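Contents: one structure, followed by commentary.
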Amino acid sequence: MAYDFDEIIDRRNTESEKWCNLLNIYGRNDIIPMWVADMDFKSPPEVIDVLEDRVKHGVFGYPMLKDEYIEPFIKWIFKKHTWKINKNWVIMNSCVVDSLKTAVLTFSRPGDSIVIQPPVYRPFFNLVTSNGRTLLTNPLKIENGRYKIDFNDLEKKLSEKRTKLLLFCSPHNPVGRVWEENELRMLGELCLKYDVLILSDEIHSDIIYNNKHLPIASLSKELQDSTLSFYAPSKTFNLAGLRTSFVAIPNERIRTEYETVLSSISSMSINIFGLLAASAAYQYGEKWLDELIGYLKGNIDYVIEFFKHKLPKVTINPPEGTFLLWLDFRRYGSESFVKNILINEAHVGLEEGSIFGQEGQGFFRMNIGCPRKILVKACDNIYNAFKSLI
């Protein structure tokens with residue numbers, strides 16, 4: 001391998017939320033953090049080089065957003081996901097959550113309903129409720145160990161008079177589903193039928209294992225015109241702290257409305273380092289990403305085999321995308337009971353499933369984006385803490 005993903009990098013005292021906020025989150029500092037979704041790997045060297053060069057310049061004034069910074073993103077999406085985006089469709093913002101919030105404020109009013117599909121990314125709940133919108137849940141269902149969309153329930157929720165938006169997670173966080181074309185088409189047809197806009201969070205779309213990610217907007221002209229697609233290099237290249245994202249809005253009327261609201265609540269200025277890092281990553285980071293995916297797949301295989309043989313009461317379905325595992329601890333008892341053991345005996349920090357919605361109760365999300373040695377230590381700690389409960 002050209003890149004050393006086994007290198008252990010000390011992230012303490014680096015303003016890292018993942019590593020430096022453990023006392024507040026878990027009540028102790030001696031925790032192996034495997035919670036928030038950033039990785040413990042260095043970003044691609046080409047990204048680091050461009051940032052170092054810019055730092056050496058020493059002047060950090062307001063950046064100018066030029067087409068040359070958007071074009072690498074457009075080329076990347078076409079190469080990876082075969083969707084041809086026009087540069088005029090693209091708006092840059094600080095992060096996907098902020099961009100989603102802007103869309104919620106633009107295309108719904110207080111009292112309107114927004115559909116989400118739990119167990120799902122935690123901020124989705126707050127995006128709806130904190131802005132005075134009504135939360136409608138379309139819970140995913142498990143069939144033969146695989147999460148599926150409940151289309152009968154989805155149609156019921158979309159057909160309600162005040163439903164305006166669907167917050168769609170594709171690939172899905174935390175369950176790791178990469179939606180198939182027939183699923184996307186069925187979902188899209190229902191949204192078109194009931195005139196519901198799709199806000200498609202595709203931030204994890206570059207980390208895919210045995211299948212292919214399809215942007216829902218790429219499937220038809222009608223879906224393209226009724227979908228806002230949200231991307232960022234943050235998960236792909238471990239750039240979360242540089243806060244740079246993209247939203248593609250092909251429909252001119254929708255895009256104009258979005259930009260109007262965005263300009264009223266934001267300066268629309270992008271961090272100079274995030275701008276440069278995103279451009280470099282999309283231009284030069286493909287080989288790094290290919291090796292990263294291979295390494296992550298090895299981590300996934302290790303954890304699944306470890307639990308299969310040592311703690312078989314914990315079930316894990318292999319993720320189709322993301323660097324997150326969704327572990328079912330329900331056979332060990334209540335979520336609070338399991339969480340206490342994980343923290344105070346195993347000293348491993350996972351995220352309890354209930355924060356992703358009540359449907360996640362008893363599950364735990366594990367971030368496996370770390371060197372194998374850390375992963376092995378965490379698994380051993382969990383085994384030693386639970387082995388007497390077998």
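None of the values given here were measured: they were computed from a predicted structure.
Two residues are said to be in side-chain contact when any heavy atoms from C-beta on lie closer than 4.5 Å; Leu154 and Ile149 meet this criterion. At least one side-chain heavy atom of Ile216 sits less than 4.5 Å from a side-chain heavy atom of Ile198.
Residues Asn21 and Asn24 have side chains that bring a donor and an acceptor to within less than 3.5 angstrom of each other. Side-chain contact check for Asn93 and Ser99: at least one donor-acceptor pair (N or O, by modelled atom type) lies under 3.5 Å. A donor-acceptor contact closer than 3.5 angstrom links the side chains of Tyr194 and Glu155. Side-chain atoms of Lys377 and Asn381 form a donor-acceptor pair, as typed in the model, at a separation below 3.5 Å. Ser334 and Ser336 form a side-chain donor-acceptor contact under 3.5 Å, judged by distance and modelled atom types alone. Inspection of the Ser108 and Arg133 side chains reveals an N or O donor paired with an N or O acceptor under 3.5 Å.
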**Intermediate values then yes/no, side-chain hydrogen bond (donor to acceptor under 3.5 Å, both in side chains), Tyr282 and Glu71** = CA-CA 9 Å; Tyr282 286 130; Glu71 287 167 358; over 6 Å; no
**Message:** Please evaluate residues Lys157 and Asp150 with respect to the criterion salt bridge (Lys or Arg N to Asp or Glu O under 4.0 Å), reporting the C-alpha separation (whole Å), side-chain torsions for both, the decisive distance (0.1 Å), and the verdict.
**Reply:** CA-CA 11 Å; Lys157 302 299 170 53; Asp150 184 340; over 6 Å; no
**Item:** Working for salt bridge (Lys or Arg N to Asp or Glu O under 4.0 Å), residues Asp98 and Arg243
**Value:** CA-CA 10 Å; Asp98 287 349; Arg243 296 180 63 79; 3.2 Å; yes
**Message:** For Glu320 and Tyr209: C-alpha separation, side-chain torsions, deciding distance, then whether side-chain contact (heavy atoms from CB on, under 4.5 Å) applies.
**Reply:** CA-CA 6 Å; Glu320 298 161 5; Tyr209 300 109; 5.8 Å; no
**Request:** Please test Glu335 against Ser354 for side-chain hydrogen bond (donor to acceptor under 3.5 Å, both in side chains), starting from the C-alpha separation and ending with a verdict.
**Result:** CA-CA 8 Å; Glu335 185 178 88; Ser354 59; 2.6 Å; yes
**Request:** Run the numbers on Asn29 and Arg12 for side-chain hydrogen bond (donor to acceptor under 3.5 Å, both in side chains), then give the verdict.
**Result:** CA-CA 11 Å; Asn29 280 317; Arg12 298 181 189 273; 5.5 Å; no
**Request:** Verify side-chain contact (heavy atoms from CB on, under 4.5 Å) between Leu375 and Ile368, making sure each step is shown before the conclusion.
**Result:** CA-CA 7 Å; Leu375 188 73; Ile368 53 85; 3.7 Å; yes
**Request:** Could you check Arg255 against Asn88 for side-chain hydrogen bond (donor to acceptor under 3.5 Å, both in side chains), going step by step and ending with a plain yes or no?
**Result:** CA-CA 10 Å; Arg255 186 170 64 253; Asn88 296 325; over 6 Å; no
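Judged purely by atom type and a 3.5 angstrom limit, Asp301 has no side-chain atom pairing as donor or acceptor with the backbone of Gly298. Without hydrogens or angle criteria, Ser263 side chain to Thr260 main chain gives a donor-acceptor distance under 3.5 Å. For Asn251 (side chain) and Arg253 (main-chain N/O), a donor-acceptor pair under 3.5 Å exists by modelled atom type. A donor-acceptor pair is defined here as one N or O able to donate and one able to accept, closer than 3.5 Å; such a pair exists between the side chain of Ser43 and the backbone of Asn238.
With Phe41 as reference, Tyr295 is the one residue of Phe237, Tyr3, Tyr295 to meet the ring-ring contact (aromatic ring centres under 6.0 Å, His included) rule. Of the residues listed (Lys212, Arg146, Arg185), the one engaging Glu180 in a salt bridge (Lys or Arg N to Asp or Glu O under 4.0 Å) is Arg146, and it is the only one.
Scanning all heavy atoms of the two residues, the minimum distance from Arg365 to Pro174 falls at CD-CB, 3.6 Å. The two residues Trp326 and Gly353 make their nearest non-hydrogen contact at CH2-CA, 3.6 Å. Residues Lys308 and Pro312 share a closest heavy-atom pair of O-CB, 3.5 Å.
Centroid-to-centroid, the aromatic rings of Phe356 and Tyr121 stay 6.0 Å apart or farther. For an aromatic pair to be called close, the ring centres must be under 6.0 Å apart, and Phe386 with Phe329 satisfies this. In this structure, Tyr231 has its ring center under 6.0 Å from that of Phe73.
In this structure, CZ on Phe246 lies 11.5 Å from CD1 on Ile203, to the nearest 0.5 angstrom. Once rounded to the nearest 0.5 Å, the distance linking CG of Leu166 with CG of Leu187 reads 5.5 Å. Within the model, atoms CH2 of Trp179 and NZ of Lys148 stand 9.5 Å from one another, a figure rounded to the nearest 0.5 Å. The distance from atom CG of Asp153 to atom NZ of Lys141, rounded to the nearest 0.5 Å, is 9.0 Å. Residue Thr256 holds its OG1 atom at 6.0 Å from CD of Glu259, rounded to the nearest 0.5 Å. Taking CD1 from Ile116 and CG from Leu199, the interatomic distance works out to 12.5 Å, rounded to the nearest 0.5 Å.
Between Lys235 and Asp206, none of the side-chain N atoms (NZ, or NE/NH1/NH2) sits under 4.0 Å from a carboxylate O, so this pair counts as no salt bridge. A salt bridge is defined here as a Lys NZ or Arg NE, NH1 or NH2 lying under 4.0 Å from an Asp or Glu carboxylate O, and Asp112 with Lys161 fails to meet this definition. A salt bridge links Glu286 to Lys80: one of the charged nitrogens lies within less than 4.0 Å of a carboxylate oxygen. Salt bridge absent: Arg122 and Glu351 never bring a charged side-chain N and a carboxylate O closer than 4.0 Å.
When hydrophobic clusters are built by joining Ile, Leu, Val, Met, Phe, Trp and Tyr residues whose side-chain heavy atoms come closer than 4.5 Å, directly or via intermediates, Leu184 is grouped together with Phe151.
When hydrophobic residues (I, L, V, M, F, W, Y) are linked wherever their side-chain heavy atoms come within less than 4.5 Å, the members clustered with Trp35 are Leu22, Ile25, Tyr26, Ile31, Val36, Ile343.
The neighbour count for Asn13 CG, taken as heavy atoms of other residues, nucleotides or ligands under 6.0 Å away, does not exceed 12. The number of heavy atoms from other shown groups lying within 6.0 Å of CD (Glu160) is above 12. Atom NZ of Lys87 is surrounded by 12 or fewer heavy atoms from other residues, nucleotides or ligands within 6.0 Å.
Cation-pi geometry between Lys79 and Trp76 is not met: the NZ or CZ atom fails to fall both under 6.0 Å from the ring centre and inside 45° of the normal.
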